[in-house]
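Everything on this sheet refers to the single structure shown next.
Below, chains carry the letters A, B, ... as their sequence lines are ordered, and counting in each starts from 1.
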Amino acid sequence: MSGAPGPALRIEDVHKSFGRTPVLLGIDLTVAQHEVVCLIGASGSGKSTLLRCVNLLEPIDAGRIFVAGEEITAPGVDVNRIRRRIGIVFQAFNLFPHMSVLDNVTLAPRKVLRLAPAEAADRALALLERFGLADKRAEFPDRLSGGQQQRVAIVRALAMEPELLLLDEVTSALDPELVAEVLAVIRELARGGMTMLIATHEMGFARDIANRVCFLDAGRILEEGPPEQIFRTPRAERTQRFLQRVMEAGRL
Amino acid sequence: MTALGGLGPHDQEVLARLPGRRPRSRRSSPGALRSTAVAFASTIAFFGFLTWIAVNSPGWPLVQRSFFNGDLLVASLPDIAAAFWVNVQLFFVAETLILALALVIAVLRSTPGPVLFPVRLLATAYVDVFRALPGVLIIYILGFGIPGLNIDGVPTDPFFYAVIALTLIYSAYVSEVYRAGIDSVHPSQSAAARSLGLSQWQALRYVVLPQAVRRVIPPLLNDFIGLQKDTVLVSYIGVVEIFRQSQITEAAHFNFTPYLATAAVFLVMTIPLARLTDWLVSRDRRRAAAGAR
Ligand SMILES: Nc1ncnc2c1ncn2[C@@H]1O[C@H](COP(=O)(O)OP(=O)(O)OP(=O)(O)O)[C@@H](O)[C@H]1O
Ligand SMILES: [Mg+2]
């Protein structure tokens, strides 16, 4: 995107219910270019739902979402074209089990961007190399560790060269000793200027990496600010209580 | 796993996954050997006893003459084998059409969106109707009804209608098998594909269907077995296939031996397929148990 106007992502008053259950009750959030924003909040507060809405995997009930100035929730937009610009990585990896690592990574570049197979493979191998996965290119996902699988899932998203990367609790399904390797990858992406919106339970990581932290509570962003402020001097009482609980669980 | 008692559970799992190095404990342990022997002996004794009863029954000489006529068996075999070739052709032509048509129907029924609602409705009606009707009835209606209309250019060859009827009947069942496979692929797979920008069709084509089809191969083979046998149903509309041929031979000699020859042919053809299906099913189960996907 040459000279993309305005923020990378702007979410305006987004509402979302599943049936009668309201999940998002008016979310306003802006992510600047090259900014890293972490979403924290209790289980069920709506973090995954918000990310899925941004990727148009869930339709929203009200509100608007803009990516680099273009409204992606406008009626009649080509969702496939929008999703090409936004990468998402899921908690459960969701790699394609019937394909090798290389095919997982090159599928979308080949079928969506219509790259020649050789070119798609070259680009995929460069990415795999960068994240220490080049020797796994021919393996199938079930032969990889959880950490490796999640790194492949990140590479798969990056292969589409997204302007914005959404990460949904990408370390929650991992054994503790595998968390570090995935977090290292995300740090490296942040250093490279990737714009990211990250839902996470890893408070230490959020404090390290985020430019801004948003505390989501019952479908609303209750408090947001720089990590030092949110983690040291949270204003809202519910934020304090949430962080208290997290601390007791030993995750801060 | 008794023979591998020295290995940890993980080692055994690894061994179980290595091709050609599966533990053979069941065959090698002495206890298992003895129970195999007992099973074998009791089977022989049981069927030997039944045979003894049959052979010593008052009607046996008559039954032997009309069902087990060795000369007639040899004499009728060439005709029967030639007629079986018709069944084989029927099977392969119909099966090819079934695999394709059933897949189309399954995909139509699994595609969401209001635009396709009428198509889904039609596909559902088709599946319901053709599963509800007895196969012979469909074969009759198509095989006699349509040529009976005497429309110019409409084929009159019964083989043609036999293929169409079997295809219509079996596609209804096979599409349900495919659909179960499609439903068994977790929606997160499709979501992952869509999130990369693949269209709904591309997600289905490259991500969902390959996994779905792999999972339903054993039940598909099961339906193959059914079709293999049901090819004899088209004898009703005048296709001279193996069953019709054995009827002809039977009528010429007033002897039932040709039916026995036919039965033998089907046993030889079908049992290997049944074994293969069982083997695939148990292999899948082993794999699932080993935690591999
Ligand atoms: N597809 C769905 N259908 C119905 N309800 C849903 C669906 N997806 C999410 N929900 C509900 O929406 C609420 C928010 O879920 P969401 O997954 O967004 O929370 P979360 O903040 O990501 O939680 P966690 O930290 O456990 O991942 C929950 O109450 C959940 O039960
Ligand atoms: Mg979640």
Side-chain angles (χ1 to χ4, degrees), chain A residues 48 51-59 78-99 103-115 120 140-144 149 152-168 173, chain B residues 10-11 13-19 103 107 111-116 178 180-218 220 280 283-293:
Chain A
S48 301
L51 295 183
R52 291 174 66 88
C53 288
V54 171
N55 203 34
L56 303 179
L57 287 172
E58 298 286 353
D78 176 359
V79 293
N80 299 329
R81 187 177 58 81
I82 299 299
R83 291 201 188 105
R84 250 176 265 170
R85 301 165 53 188
I86 309 174
I88 187 166
V89 181
F90 304 94
Q91 178 174 348
F93 329 137
N94 299 357
L95 291 177
F96 307 132
H98 59 299
M99 291 182 190
D103 287 342
N104 262 278
V105 176
T106 59
L107 177 70
R110 279 181 289 129
K111 301 303 173 191
V112 178
L113 303 179
R114 309 232 164 261
L115 291 188
F140 280 77
D142 63 355
R143 300 289 301 265
L144 302 181
Q149 290 189 47
V152 171
I154 293 172
V155 167
R156 182 175 68 175
L158 292 176
M160 293 299 284
E161 302 186 335
E163 304 159 35
L164 169 67
L165 192 59
L166 311 172
L167 302 173
D168 188 3
Chain B
H10 180 254
D11 300 319
E13 189 178 292
V14 169
L15 273 182
R17 279 201 239 166
L18 291 175
L103 187 60
V107 165
T111 315
V115 183
L116 280 179
Y178 276 133
I182 291 173
D183 287 348
S184 78
V185 177
H186 197 271
S188 63
Q189 284 289 309
S190 179
R194 299 302 306 275
S195 77
L196 290 164
L198 270 75
S199 68
Q200 188 172 311
W201 162 246
Q202 288 175 319
L204 191 70
R205 162 77 180 75
Y206 298 110
V207 174
V208 178
L209 283 184
Q211 297 182 56
V213 169
R214 222 161 288 196
R215 283 180 207 181
V216 298
I217 287 175
L220 280 182
L280 284 174
R283 190 195 60 175
D284 281 2
R285 205 169 292 147
R286 266 204 311 280
R287 280 191 180 167
R293 257 171 300 179

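- Taking CG of B/L198 as the reference point, atom CZ of A/R110 lies at 10.0 Å (rounded to 0.5 Å).
- In terms of the salt bridge (charged side-chain N to carboxylate O under 4.0 Å, His left out) criterion, residue partners of A/R52 (sequence neighbours excluded) are, by chain and number, A/E58.
- Contact annotation for A/R156: both backbone and side-chain heavy atoms come within less than 4.5 Å of a heavy atom of chain B.
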B/L196 and A/I88: CA distance, side-chain angles, deciding distance, side-chain contact (heavy atoms from CB on, under 4.5 Å) verdict:
CA-CA 8 Å; B/L196 290 164; A/I88 187 166; over 6 Å; no

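- Looking only at atom types and distance, the side chain of A/N80 has a donor-acceptor partner in the side chain of B/R194 under 3.5 Å away.
- Residue A/V79 touches chain B through its side chain alone, counting heavy-atom pairs closer than 4.5 Å.
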Quiz: residues 199-206 of chain B side-chain donor-acceptor pairs under 3.5 angstrom, not counting sequence neighbours:
{"from": "B/S199", "atom 1": "OG", "to": "B/Q202", "atom 2": "N", "distance (Å)": "3.1"}
{"from": "B/Q202", "atom 1": "OE1", "to": "B/S199", "atom 2": "N", "distance (Å)": "3.0"}
{"from": "B/Q202", "atom 1": "NE2", "to": "A/K111", "atom 2": "O", "distance (Å)": "3.0"}

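- Residues of residues 208-217 of chain B that come closer than 4.5 Å to chain A, counting heavy atoms only, are B/P210, B/Q211, B/R214, ordered by residue number.
- A/L56 does not touch chain B: none of its heavy atoms, backbone or side chain, sits under 4.5 Å away.
- Between B/A192 and A/F96, the shortest heavy-atom distance links the atoms CB-CE2, 4.0 Å.
- With a 4.5 Å cut-off on non-hydrogen atoms, A/N94 touches chain B through its backbone and its side chain both.
- Residues that satisfy the side chain to side chain donor-acceptor pair (under 3.5 Å) test with B/S195, not counting sequence neighbours, are absent from this structure.
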